[in-house]
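Structure, as structure tokens:
Below, chains carry the letters A, B, ... as their sequence lines are ordered, and counting in each starts from 1.
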There are 2 protein chains.
Amino acid sequence: MRFYIYVIDYVNMSRTTIHDIAKELNTTAATVSRALNDHPSISAATKQSVREAAQKLNYQQNRVASSLRLGRTNVLGVVIPSADISFFGSVIHGIEKVAKAHGYNVILFQTNEQYEDEVQGIKTLLQSNVDGIIASISKETTNYDHFREVKDRNIPLILFDRAIDSLGVSTVVIDDYKGAFMATEHLISQDYTRIAHISGPPHIQIFHDRLRGYVDALAAHHIKVDEDLITYGKVSIDSGRSCAEQLLQLPNRPDAIFAVEDFTALGALQAIKESPWHRPGEIGLVGFANEAFSAYITPSLTTIDQQTAHMGEEAAKIFMELRQNTTVTETAPQKVVLEPLLIARQSSTRPKPKKKSLKASTIVP
Amino acid sequence: MRFYIYVIDYVNMSRTTIHDIAKELNTTAATVSRALNDHPSISAATKQSVREAAQKLNYQQNRVASSLRLGRTNVLGVVIPSADISFFGSVIHGIEKVAKAHGYNVILFQTNEQYEDEVQGIKTLLQSNVDGIIASISKETTNYDHFREVKDRNIPLILFDRAIDSLGVSTVVIDDYKGAFMATEHLISQDYTRIAHISGPPHIQIFHDRLRGYVDALAAHHIKVDEDLITYGKVSIDSGRSCAEQLLQLPNRPDAIFAVEDFTALGALQAIKESPWHRPGEIGLVGFANEAFSAYITPSLTTIDQQTAHMGEEAAKIFMELRQNTTVTETAPQKVVLEPLLIARQSSTRPKPKKKSLKASTIVP
DNA sequence: CTGAAAGCGCTTACAG
DNA sequence: CTGAAAGCGCTTACAG
């Protein structure tokens with residue numbers, strides 16, 4: 001009887017290269033490379049045998065070597081404040097999806113809303129020779145030289161959501177004005193007439209745009225804007241709650257609230273539920289952002305969807321177009337403005353009038 | 001008067017290399033390289049002048065070239081089902097944070113729970129010469145050869161959350177058994193006695209562990225396990241709802257449900273709210289995962305927090321240790337088990353007995 | 001249809 | 001303390 005013992009020395013086992021394949025087939029690395037890249041001047045027979053040998057030797061292309069030679073990496077750099085914020089997680093999802101479909105990988109860099117980290121991130125990505133960068137600017141950033149550097153190096157740059165027009169690069173944003181207009185108009189269509197707005201810090205562009213959309217929607221429907229019904233919160237659950245409490249205590253209280261974003265709306269909802277007008281839709285409520293929780297709270301929250309994954313996809317698609325352009329053609333930057341989507345749910349649905357305590361009858365026995 | 005016109009030809013402007021710096025200073029690329037890498041045998045004066053020239057010429061190291069030469073990339077590959085799931089977004093956040101602190105970049109690859117995509121992702125990362133891979137296995141995956149390939153190539157592999165012991169690689173998981181035990185014990189402490197469990201596909205380790213924790217907690221408190229009260233769902237809202245509906249129709253119905261994760265719990269909650277036992281806590285409910293929505297639904301959901309960002313950080317830290325090890329030392333795989341945290345909320349809080357319709361009195365006038 | 005050779009930009013053992 | 005040379009693994013213009 002015999003024992004066969006196979007010892008594989010991983011330590012000294014270096015990875016298969018095209019030279020190993022060439023040696024195996026008594027040909028050259030050039031031929032192997034061409035065969036693997038399906039070069040037209042290589043015979044079918046050669047391609048076949050090269051592929052078989054590659055398989056047999058478990059060959060994997062070394063993309064680092066390929067990148068160095070080709071001068072491109074097939075890597076897309078993404079710079080965002082944090083992957084831990086669902087909005088950005090969703091955008092990354094869209095970016096990576098499109099990137100993968102085009103043979104690109106995604107390097108992720110988080111800034112944590114810090115300017116220094118953002119500068120560092122851009123620098124690292126440039127060193128890594130990424131073929132393009134998609135970014136959402138940190139809240140703290142006021143100097144944009146690092147983004148100009150990207151532009152100067154002729155590397156496609158696309159900004160999403162938090163974009164700066166003055167940089168002259170392509171951008172993907174959602175139409176906040178229109179989203180707010182739709183939200184307000186929706187409440188009007190539900191026969192709400194005294195519609196309040198809980199806004200955010202007015203110096204932030206998107207909040208300002210939403211306020212404008214609210215005001216214009218009222219005007220479009222000949223509803224007078226009542227300054228008393230506009231409050232400025234701090235974009236949080238607690239702030240939404242206290243703003244709503246104030247609004248509901250007004251002598252001439254609102255019959256609906258449009259909140260600047262979903263967390264504010266959530267706080268407002270708490271205040272509404274604790275008020276005498278706590279039945280779903282009795283005081284209409286619309287948020288903005290379609291956060292993960294908004295479909296699941298009670299009542300479910302009507303809100304504006306920002307098409308977050310779509311935003312990422314669009315940004316990646318713009319990159320795919322930009323990379324085609326030879327550097328000679330200076331094309332004008334693209335500006336994609338996504339359509340907001342109204343997601344109508346219970347929080348803005350008027351309760352059926354007349355019939356009282358319908359509730360019990362809806363219960364499945 | 002004179003006009004100075006600076007014309008910079010970006011098209012033909014190729015990036016500065018160490019050779020450009022060397023030419024500028026009448027020295028060689030070798031010296032420049034050593035100076036930039038702070039090699040001890042280079043004089044302080046030379047280092048100084050090289051750094052100045054590098055700055056002046058706006059030099060950025062080409063990491064691709066460096067990687068090819070050094071045989072390592074300082075890139076960590078991360079393979080997850082989807083960045084759009086808050087759990088994974090949070091884990092990536094933790095991974096990237098630690099990676100960055102050690103000079104590593106993160107390449108992200110999403111599998112969308114598809115086996116084929118997972119295989120492709122691993123292959124791409126290997127081709128990209130990542131220095132290590134952190135992954136969470138797709139639900140669909142039952143063949144693990146692609147992970148063995150990573151191991152065989154001697155590339156550090158760390159699995160998190162959805163890990164497989166048989167692969168013999170380092171893992172970071174939360175103690176699912178203990179979390180389920182805590183969840184069940186919590187229900188028992190709230191005087192629930194007929195506690196049902198909606199599990200997930202039993203071949204998935206974490207779901208199996210949670211089932212065990214549930215069973216053992218009952219046993220520890222001398223409550224007989226009733227097979228009728230254990231159902232196997234598909235880990236979704238709809239599945240949770242229909243499983244709960246079934247459970248509630250049993251002749252001897254449960255008075256509490258421990259759901260295998262929060263979406264299942266959410267569906268179960270819908271079923272409970274439509275049942276005759278719809279008052280908060282009347283039928284106790286606990287989920288698992290502390291999803292974004294769980295704090296905000298009504299009633300708020302008691303659940304088990306998995307310390308997601310911490311999980312990512314731990315995985316990245318293990319990598320940082322593994323990479324130190326020379327390939328000669330075959331160290332045993334590490335197994336980090338994180339402590340689950342019980343987050344007690346309304347869904348498992350017993351309604352006050354005796355007093356009826358207390359509700360109205362809690363409303364602030 | 002295939003091969004020999006050069007080169008992408010870096011790092012480092014070897015020599016001085 | 002610095003330089004000349006080789007090489008990481010690939011791709012491709014050029015030659016045959």
What parts of [range] reach DNA chain C, counting only heavy atoms under 4.0 Å away?
| range | answer |
| --- | --- |
| residues 53-67 of chain B | B:Tyr59, B:Gln61, B:Asn62, B:Ala65, B:Ser66 |
| residues 27-36 of chain A | A:Thr27, A:Thr28, A:Ala30, A:Thr31, A:Arg34 |
| residues 37-44 of chain A | A:Ser41, A:Ile42, A:Ser43 |

Can you list the residues that meet the salt bridge (charged side-chain N to carboxylate O under 4.0 Å, His left out) rule with [X], with sequence neighbours excluded?
| X | answer |
| --- | --- |
| B:Lys56 | B:Glu24 |
| B:Glu116 | none |
| A:Arg51 | A:Asp38 |

Span that lies between the C1' atom of C:dG16 and that of C:dT12, in whole angstrom | 16 Å

Contacts of B:Ser67 meeting side chain to side chain donor-acceptor pair (under 3.5 Å) (sequence neighbours excluded), chain-then-number -> none

What pairs with [X] under side-chain contact (heavy atoms from CB on, under 4.5 Å), at least two apart in sequence or on another chain?
| X | value |
| --- | --- |
| B:Thr46 | B:Thr31, B:Ile42, B:Ser43, B:Val50 |
| B:Gln48 | B:Glu52 |
| A:Val336 | A:Val172, A:Glu314, A:Ile318, A:Gln334, A:Leu338 |

C:dC1, D:dC1, C:dG9: which one has an atom nearest the side-chain heavy atoms of B:Leu68?
-> C:dG9

Report the nucleotide, chosen from C:dG9, D:dT12, D:dC10, that has the shortest atom-to-atom distance to any side-chain atom of B:Thr17.
-> C:dG9

Donor-acceptor pair, B:Thr17 side chain versus B:His19 backbone, under 3.5 Å?
-> yes

Does atom [atom1] of [X] have more than 12 heavy-atom neighbours, drawn from other residues, nucleotides or ligands, at distances under 6.0 Å?
| X | atom1 | result |
| --- | --- | --- |
| A:Lys123 | NZ | no |
| B:Lys97 | NZ | no |
| B:Lys23 | NZ | no |

ring-ring contact (aromatic ring centres under 6.0 Å, His included): which pairs involve residues 103-141 of chain A, sequence neighbours left out?
-> A:Tyr104-A:Phe319, A:Tyr115-A:His146

Name all stems that contain residues of DNA chain D, defined as runs of 3 or more consecutive Watson-Crick or G-U wobble pairs, both distances under 3.5 Å.
-> C:1-3 with D:14-16, C:5-12 with D:5-12, C:14-16 with D:1-3

Rounded to the nearest angstrom, tell me the gap between atom [atom1] in [X] and atom [atom2] in [N].
| X | N | atom1 | atom2 | result |
| --- | --- | --- | --- | --- |
| A:Gln48 | C:dC1 | CD | C1' | 17 Å |
| B:Arg72 | D:dC8 | CZ | C1' | 13 Å |
| A:Lys23 | C:dG3 | NZ | P | 15 Å |
| A:Asn129 | C:dC8 | CG | P | 14 Å |
| B:His19 | C:dC8 | NE2 | C1' | 11 Å |
| B:Ile18 | D:dG3 | CD1 | C1' | 13 Å |

Below 4.0 angstrom, N of the basic side chain to O of the carboxylate: do B:Glu149 and B:Arg153 qualify?
-> yes

Nearest-0.5 Å distance, CG of residue A:Leu125 to CD of residue B:Gln60 | 11.0 Å

